[in-house]
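Just below is one structure, and these are the notes that go with it.
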Amino acid sequence: MKTIIQDLNEIVLAGVKKAFDTELDSSKEYVTETNNENFGDYQSNVSFTLSKMLHKAPLEIASSIQNALDCGSIIEKSEVVKPGFINFFISKEYLCTKIKEVDSDSELGIPNIGNGQKIIVDYSSPNIAKEMHVGHLRSTIIGDSIVRSYKQLGYDVIKQNHIGDWGTQFGMLIEHLIDLGWKDSNEHTISDLNALYKESKVKFDADPDFAERSHLRVVKIQSGDKESIDLWKALTDESKKHFGWMYNRMGVLLNDSDYCGESFYNDKLNAVAERLLNEGKAKMSNGAVCLFPTGFQGRDGEPVPLILKKSDGGFGYDATDVTALEYRARTLNAKKIIYVTDTRQKMHFSMLFQAARDAKLCDDDVELTHVSFGSVLGQDGKPFKTRSGETVTLSSLLDEAEERAKEIILAKNPESSGDSLKELSRAIGISAIKYADLSCDRIKDYVFNWERMLAFDGNTAPYIQNAYVRCKALVSKGEAQGKKAQFHLLSNDDEKRLAKKCMAIGTVVQQEAKTYEPHRLCTYLYELASSYHSFYEKNPVLSESNTDILESRLALSSLVSKVLAKGMYLLGVSVIEKM
């Protein structure tokens, strides 16, 4: 199914061919939606592209193209405006035909542009034996939204939860647990392990004997010592229970099959380091095997390394990330690898990607992308903390969201109770947190504000959820009265405006995926919901006397609900049938 922009693009390209016997790249779009409907519904700036090629003024070129256009029944009228735009006013008849196509399509006209191309999204990545906290929020939900959108667009998406499940910290934690006589994975919850980890760190820093035993324990873990591995596995299993419970609670797509942590690459690290050294792509530096990415230098002008193998024979994050990237490109055959982490890791990933190009760890056509994001701040503009200054656990944050949502629901409907109240509180509260995060420009920091994110007006999840419920309720009421929801015509500009907005979802989802910016979809859903409220206030539906108009408005209301539901799903926001 082609979008309106694709239809207009073909008309414009045909006009260019007819007017100037020139063919432009048909994969590019030369038509966009206008920002002001006084200038039409869509406009083309193709004349500016042609101006340099033809050595003519854009206004002259635009006039020639307009005269050569074969618009059929699609365009009601077109006009050329300075300095060389061509504005298009779409006919209601054509728009009605297109909206019927979108309404009958289960994917609402969102195109399959991926064609099964394999991409990998690396996101969430919490650490074993540590409780998930607010710092994991953004990677988890931004990554999940990217996964959903790329799946929707027809890509074969592989989720990778690169958990921190290997390294020196496990030596000190396991040694501490042995000192305490811990043997059974059922003896401690994730909260206990969080506290025990902190205790082990204090002990490690203060007690040289414990520090030495911890280092030796790391060696035992790496060499496969049964007792050490059993304890490590117990820590991992308990942590995964916690992670899985949190993902399920948040409505995140990650599951057990997506875990591919640092430990997965442990037996591959040495082979990669030695091979790259033998191939001359890595170099020895102060006893360590290093990659020196082109263009990266320190303040002293010396090249900055990625360390594949330390001088003591150990391996760190650099080695794991290099090995993981090559594995994903060569073994999993990904054509795009997306890493979702905070902005503090920007330099690391820039170096990693350049090293991958230098060392030919992946083919040149493999796209490597770091999707970075800002921090969650408190009302004081500083990193979000508890009143006592501790990091906010994700579990406590979700608890508070549900409790606050519950209070709002009970204030509106005191008779709510039981499981339905609990489920609704969760759906509204957690969705409010996720949507508030996704609706912000991901690059920027944002201030966490309960009142704003749980409001039933403005660009919030409750507002979008409520708009969906309102549309569904209207359609259900109409059907109960024996009235049909089916398109016949668009009778006024309010309907035309709403129809255009509904059909833009395919373009918006493509833009969101291309830019990795979920806030584009949030803004679109908010504008759609606002447009529907405006339409509903000015246009009677069930009381309309003209049957064709009534049924068309019911069908339009039904389509709005479908689009809102699709958009909420792509953001990971709960779709609520009744509020």
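With sequence neighbours excluded, no residue forms a side-chain hydrogen bond (donor to acceptor under 3.5 Å, both in side chains) with T460. Residues that satisfy the ring-ring contact (aromatic ring centres under 6.0 Å, His included) test with H533, not counting sequence neighbours, are Y463. The side chain to side chain contact (heavy atoms under 4.5 Å, CB included) check on D548 picks up H488, L489, N546, with sequence neighbours excluded. Judged as a ring-ring contact (aromatic ring centres under 6.0 Å, His included), and not counting sequence neighbours, the contacts of H133 are H136. With sequence neighbours excluded, no residue satisfies side-chain hydrogen bond (donor to acceptor under 3.5 Å, both in side chains) with N9. Applying the side chain to side chain contact (heavy atoms under 4.5 Å, CB included) criterion to D365, with sequence neighbours excluded, gives K335, D363. Residues forming a side chain to side chain contact (heavy atoms under 4.5 Å, CB included) with Y265 (at least two apart in sequence, or on another chain): Q160, H162, C260, K268, L269, T320, T323, A324, Y327, R328. Qualifying ring-ring contact (aromatic ring centres under 6.0 Å, His included) partners for F20, counting only residues two or more places apart in sequence or in other chains: none. Q152 meets the side-chain hydrogen bond (donor to acceptor under 3.5 Å, both in side chains) test with E107, K566; sequence neighbours excluded. Scored by the ring-ring contact (aromatic ring centres under 6.0 Å, His included) test, F48 finds F85 as partners (sequence neighbours excluded). With sequence neighbours excluded, the residues forming a side-chain hydrogen bond (donor to acceptor under 3.5 Å, both in side chains) with S125 are D122, listed by chain and number.
Y123 places no side-chain N or O within 3.5 Å of a backbone atom of R138 that could act as its donor or acceptor partner. A donor-acceptor pair under 3.5 Å is absent between the side-chain atoms of S149 and the main chain of I146, judged by distance alone. Formation of a donor-acceptor pair under 3.5 Å by the Q465 side chain with backbone atoms of S574 is found in this model. Side-chain N or O atoms of S431 include none that pairs as donor or acceptor with a backbone N or O of A461 at under 3.5 Å. Without hydrogens or angle criteria, K434 side chain to M250 main chain gives a donor-acceptor distance under 3.5 Å. In terms of modelled atom types and a separation under 3.5 Å, the side chain of N248 and the main chain of W245 share no donor-acceptor contact. Using modelled atom types, one side-chain atom of N539 and one backbone atom of F535 make a donor-acceptor pair closer than 3.5 Å. Listed for the D144 side chain is a donor-acceptor partner under 3.5 Å among the backbone atoms of L253. A donor-acceptor pair under 3.5 Å is absent between the side-chain atoms of S145 and the main chain of L571, judged by distance alone. Looking only at distances, a side-chain donor or acceptor of T34 sits under 3.5 Å from a matching main-chain atom of D41.
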Derivation of the side chain to side chain contact (heavy atoms under 4.5 Å, CB included) call for H348 and D321: CA-CA 10 Å; H348 170 71; D321 282 347; 2.7 Å; yes

Apply salt bridge (Lys or Arg N to Asp or Glu O under 4.0 Å) to residues K496 and E76 and explain how you reach the verdict. CA-CA 13 Å; K496 179 181 178 180; E76 190 172 274; 5.4 Å; no

Passes side chain to side chain contact (heavy atoms under 4.5 Å, CB included), I11 versus D70? Steps please. CA-CA 7 Å; I11 290 173; D70 181 8; 5.9 Å; no

I'd like to know whether Y259 forms a side-chain hydrogen bond (donor to acceptor under 3.5 Å, both in side chains) with T236, so could you lay out the CA-CA distance, the side-chain angles of the two residues, the decisive distance to 0.1 Å, and finally the verdict. CA-CA 11 Å; Y259 289 116; T236 302; over 6 Å; no

Check the pair Y435 / N459 against side-chain hydrogen bond (donor to acceptor under 3.5 Å, both in side chains), numbers first and verdict last. CA-CA 9 Å; Y435 188 93; N459 189 12; 2.5 Å; yes

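Note that the CD atom of Q511 and the CG atom of L521 stand 10.5 Å from one another [nearest 0.5 Å]. Going from atom OG1 of T369 over to atom CD1 of I120 covers 12.5 Å, rounded to the nearest 0.5 Å. Interatomic distance, CG of D358 versus CZ of F296, reported as 9.0 Å (0.5 Å rounding). For the atom pair CG (L291) and CG (L361), the distance works out to 7.0 Å, reported to the nearest 0.5 Å. L564 CG to Y532 OH: the interatomic distance, rounded to the nearest 0.5 Å, is 10.0 Å. We find the CD-NZ distance between E479 and K484 to be 11.5 Å, quoted to the nearest 0.5 Å.
The two residues M568 and L525 have their closest heavy-atom pair at N-CD1, 3.9 Å. Closest heavy-atom contact between V475 and S558: CG2-N, 3.7 Å. Nearest heavy atoms, L108 versus V102: O-CG1, 3.4 Å.
Under the 4.0 Å criterion applied to side-chain N and carboxylate O atoms, R442 and D342 are not assigned as salt-bridge partners. A salt bridge between E37 and K500 is absent, with no side-chain N of the basic residue lying under 4.0 Å from a carboxylate O of the acidic one.
Under the 4.5 Å side-chain criterion, counting only non-hydrogen atoms from C-beta, C502 is not in contact with K562. A heavy-atom distance below 4.5 Å is found between the side chains of R249 and R426. Put simply, the side chain of Y516 does not reach to within 4.5 Å of the side chain of V340, judged on heavy atoms.
Crowding of Y536 atom OH: a count of heavy atoms from other residues, nucleotides or ligands under 6.0 Å not exceeding 12.
Listed by first and then second residue, the ring pair (Phe, Tyr, Trp, His ring centres under 6.0 Å) pairs involving residues 141-160 are Y150-Y155 (not counting sequence neighbours).
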